[in-house]
Amino acid sequence: MAIQQQLIQWAGAVTLVAAASSSATAWAEDAHSYARLDDVSTPHLELNLTVDFAEQQLEGTATYDLLRRSDATAIHLDTRDLTIQKTEIWQDGAWQETPFALGEPHQTLGQELTVTIGEDADKLRIHYETAPTASGLQWLTPAQTAGKEHPFMFSQSQPIHARSWIPIQDTPALRLTYNAQVYTPAGLLAVMSADNSLSDDRDGNYSFTMPQPIPPYLIAIAVGDLEIKSISDNVAVFAESYIIDDAAWEWADTPAMITATEKMYGPYRWDRYDLLVLPPSFPFGGMENPRLSFITPTVVSGDRSLINLIAHELAHSWSGNLVTNASWRDLWLNEGFTSYVENRIMEALFGERRAQMELALGYQDLLADMERLPAADTVLNIDLGTRHPDDVFSNVPYVKGQLFLVYLEHKFGRDVFDAFLRQYFADFAFQSISTAQFKHYLAKNLLAKHPNVVSMDKVNEWIHEPGLPADAPKPESDAFAQVERQMQRWLKGGQLQTAEWTTHEWLHFINNLPLDISSTNMKRLDNDYHLTASSNAEIAHAWLKLAITKKYEPARDRLRNYLLNIGRNKLVSPLYRELAKTPENLKWAREVYEQAKSGYHPLTQTVNEALLYPEH
């Protein structure tokens with residue numbers, strides 16, 4: 001079937017035309033891509049890749065359908081550290097080699113690939129191979145996996161790392177479908193952000209189809225010694241054997257989450273929702289790759305207390321994957337909406353008390369980020385210029401964006417706001433939009449229909465001004481107030497009543513202990529509740545951070561072990577940041593980092609080397 005027909009089937013002919021016209025402005029705004037979508041775009045990709053663990057590289061071809069919007073005779077794509085072997089165009093019924101040129105390397109953007117496509121060609125094929133240093137791939141030796149017998153490889157394309165393993169128009173303004181043929185060593189299982197088979201056949205030859213149009217950063221691949229366990233008819237877990245059963249138990253509520261979200265915001269449009277547990281080196285909590293979310297093992301806590309991360313990645317199936325930010329300065333359209341939907345899912349399944357605790361914790365994290373960030377970086381529609389879009393991933397787009405939607409919900413009422421969001425997800429399904437487009441839609445479909453409730457001046461304050469408006473919601477939790485009362489009694493020698501505490505209450509307790517807490521009380525707390533030895537990665541993180549500040553030496557061995565075995569950047573970089581504050585801790589942290597470095601993802605390395613080696 002022709003790609004144009006596929007797109008029309010998914011998005012509808014009228015919506016497709018609207019997307020093409022409304023995205024023109026957004027294309028011009030993406031400072032992080034060499035693509036010129038108003039000349040030629042690539043609505044469909046065919047990948048043919050061989051996975052070579054010995055050389056730590058992918059080798060093969062990327063073949064594109066070409067959709068011309070001008071009389072341009074060249075196409076511009078993004079690459080980083082790729083070796084381009086040759087380029088070909090399909091013309092007169094045959095593949096014909098065509099000239100290409102690579103631009104000068106740019107520290108942030110990589111290299112522009114310009115390929116001559118003439119006037120009539122409708123397909124482009126690029127032969128290439130990746131480098132072992134590809135920023136969007138991590139290669140793990142058998143020793144770095146749990147099973148210790150087989151290697152593991154996985155991708156992380158967001159925000160602009162797809163270009164390090166595929167020559168592509170690497171802008172979220174583009175939407176494309178893709179098919180892939182992937183060849184691996186026998187005995188390993190390949191999975192992608194596509195229609196993964198539940199068969200355990202490991203012959204080394206895998207085929208994938210992603211029929212819904214997605215932005216390039218959602219193309220994902222992983223290869224390893226994976227097992228499969230179904231949770232429901234449309235939800236399964238892929239993981240190494242050591243964690244497969246625990247993960248399936250931990251995330252048993254996922255099907256109910258899908259049902260709850262569909263009830264609020266419309267149908268789930270991606271057929272299946274599977275979950276891949278990655279090795280501990282995965283730099284994020286989760287990545288919302290469609291049909292197959294990539295998840296850190298650090299949220300397999302044994303008590304289902306961290307399942308809000310699954311709710312977040314699932315929520316992206318509406319906000320982010322279905323309706324996508326057109327550029328990375330619009331990230332809040334992905335993450336603010338997703339954080340809002342996540343919290344609503346948690347409330348629907350687990351009640352208002354838990355949802356409010358999570359909202360209050362997020363608010364505390366946002367205030368901490370705003371204290372350390374430059375004012376310009378606390379703006380939702382941030383002006384990045386050509387700074388790396390990795391820099392935009394703070395709590396600002398997530399939690400400030402979420403609070404903006406909470407503010408609108410409070411002002412207009414939940415029923416009105418839910419109806420607005422449901423229509424928003426339907427009207428922009430399978431499209432990428434800018435902040436300007438959202439503001440226009442908001443003005444027309446919410447503000448104008450309910451006049452004199454919220455002004456556009458107020459909307460602009462939220463979106464374009466630093467910090468939080470004076471009338472922003474300030475989430476609090478009664479549960480946390482009770483924790484604080486217990487804390488005061490405990491500091492005076494009393495006992496804590498923690499039998500009913502969740503992870504969230506423990507985090508609030510540890511994070512709000514007075515910084516002048518005595519070493520005696522640190523030891524008493526550790527002896528009574530074994531915090532240094534906690535198997536909950538979030539609780540251990542909070543405790544170890546406090547232990548650094550308080551020079552609590554009994555936690556030092558666990559701190560070393562934690563940094564050596566966890567690569568999730570949210571959990572390790574605050575510890576390195578705290579360690580870097582004193583010369584003696586900085587020296588120790590550098591020694592630990594050099595041991596841990598080979599097990600960290602390139603993104604984690606970049607962030608933490610900036611903390612530990614600022615002179616570089």
Side-chain angles (χ1 to χ4, degrees), residues 108 135-136 138 154 156 158-161 278-287 294-299 306 309 312 328 331 335 361-362 364-374 377-378 387-399 507 510-511 534 536-550 555-556 558-616:
T108 300
S135 62
Q138 185 169 23
F154 63 89
Q156 173 55 38
Q158 190 185 36
I160 57 170
H161 300 285
L278 286 173
S281 61
F282 183 51
F284 300 117
M287 179 62 210
F294 285 19
I295 307 295
T296 172
T298 62
V299 297
L306 302 177
L309 184 132
H312 185 91
W328 295 111
L331 178 66
E335 298 298 353
L361 280 174
Q364 292 173 18
D365 290 342
L366 171 65
L367 295 181
D369 265 11
M370 285 187 163
E371 192 171 312
R372 69 176 181 83
L373 289 171
D377 284 3
T378 67
R387 285 169 58 196
H388 200 291
D390 280 342
D391 292 349
V392 78
F393 285 81
S394 70
N395 280 296
V396 173
Y398 289 76
V399 184
L507 291 177
I510 296 169
N511 290 335
S534 175
N536 185 304
E538 297 272 3
I539 292 174
H541 163 82
W543 175 250
L544 293 171
K545 187 169 180 286
L546 181 65
I548 296 168
T549 305
K550 296 307 300 177
R556 184 62 60 141
R558 174 68 198 283
L559 176 60
R560 176 188 293 273
N561 184 265
Y562 190 94
L563 291 170
L564 289 174
N565 289 284
I566 289 178
R568 183 180 174 189
N569 198 49
K570 170 193 171 185
L571 298 181
V572 299
S573 65
L575 300 180
Y576 282 123
R577 182 180 291 111
E578 196 66 28
L579 286 164
K581 291 179 179 179
T582 65
E584 60 273 21
N585 276 340
L586 177 60
K587 179 182 177 182
W588 183 87
R590 286 174 171 174
E591 292 172 356
V592 174
Y593 175 79
E594 292 303 323
Q595 294 179 52
K597 179 179 178 179
S598 64
Y600 286 161
H601 189 278
L603 304 181
T604 306
Q605 292 176 11
T606 298
V607 170
N608 290 291
E609 286 177 9
L611 296 172
L612 298 177
Y613 303 97
E615 65 276 12
H616 296 172

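One is the number of the first residue; the rest follow in order along the sequence.
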Quick one: are Leu278 and His601 in side-chain contact, heavy atoms under 4.5 Å?
no

Under 6.0 Å from the ring centre and within 45 degrees of the ring axis: does the NZ or CZ of Arg558 meet both conditions for the six-membered ring of Trp543?
no

Gln158 side, atom CD; Trp328 side, atom CH2 - distance, nearest 0.5 Å:
4.0 Å

Shortest non-hydrogen contact from Pro389 toward Thr108
CD-CG2, 4.4 Å

Is it true that Lys570 and Asp365 make a salt bridge, defined as a side-chain N closer than 4.0 Å to a carboxylate O?
no

For Asp369, all residues meeting side chain to side chain donor-acceptor pair (under 3.5 Å), sequence neighbours excluded
Arg372, Asn395

To the nearest 0.5 Å, how far apart are CG in Asp391 and CG in Leu331?
12.0 Å

Quick one: does any side-chain atom of His541 pair with a main-chain N or O of Leu571 as donor and acceptor, under 3.5 Å?
yes

Non-hydrogen side-chain atoms of Leu575 and Ile548 separated by less than 4.5 Å
yes

Distance col, row Glu594:CD vs Leu612:CG, nearest 0.5 angstrom, shows 8.5 Å

Return yes if a side-chain donor-acceptor contact under 3.5 Å exists between Ser135 and His161, otherwise no.
yes

Between CG of Asp390 and OG1 of Thr606, what distance do you get to the nearest 0.5 Å?
8.0 Å

Shortest non-hydrogen separation from Ala580 to Leu611 and the atoms involved:
CB-O, 3.9 Å

Taking everything shown except Glu584 itself, do over 12 heavy atoms lie less than 6.0 Å from its CD?
yes

What's the separation between atom CZ in Arg556 and atom CH2 in Trp588, rounded to the nearest 0.5 Å?
5.0 Å

Just by modelled atom types, is the Asn569 backbone N or O under 3.5 Å from a matching donor or acceptor in the Tyr600 side chain?
no

Are the side chain of Gln138 and the backbone of Phe282 linked by a donor-acceptor contact shorter than 3.5 Å?
no

Identify the heavy atoms of Gln595 and Arg560 that sit nearest to each other, and give their distance.
NE2-NH1, 3.2 Å

Heavy-atom pair of closest approach, residues Leu507 and Ala542:
CD2-CB, 3.9 Å

With a 4.0 Å cut-off on N to O distance, would you call Arg568 and Glu538 a salt bridge?
yes

Begin from the C-alpha positions of Leu579 and Leu559 and carry the test side-chain contact (heavy atoms from CB on, under 4.5 Å) through to its verdict.
CA-CA 11 Å; Leu579 286 164; Leu559 176 60; 4.2 Å; yes

From OG1 (Thr604) to CD1 (Ile566), nearest 0.5 Å:
11.5 Å

Note: Pro279 and Pro297 closest approach over all heavy atoms is O-CD, 3.7 Å

Go through it in stages, so that I can follow the logic: the residues are Tyr576 and Val607, the test is side-chain contact (heavy atoms from CB on, under 4.5 Å), and I'd like the CA-CA distance, side-chain angles, deciding distance and then a yes or no.
CA-CA 10 Å; Tyr576 282 123; Val607 170; over 6 Å; no

For side-chain contact (heavy atoms from CB on, under 4.5 Å), just list the numbers for Leu306 and Asn536, CA-CA rounded to whole Å, side-chain angles, deciding distance to a tenth of an Å, and then say yes or no.
CA-CA 9 Å; Leu306 302 177; Asn536 185 304; 4.2 Å; yes

Nearest heavy atoms of Ala537 and Tyr562, plus distance in Å
O-OH, 2.8 Å

Give the intermediate values and the outcome of side-chain contact (heavy atoms from CB on, under 4.5 Å) for residues Tyr398 and His312.
CA-CA 11 Å; Tyr398 289 76; His312 185 91; 3.8 Å; yes

A side-chain contact here means heavy atoms from C-beta on lying under 4.5 Å apart; do Ser394 and Asp377 qualify?
no

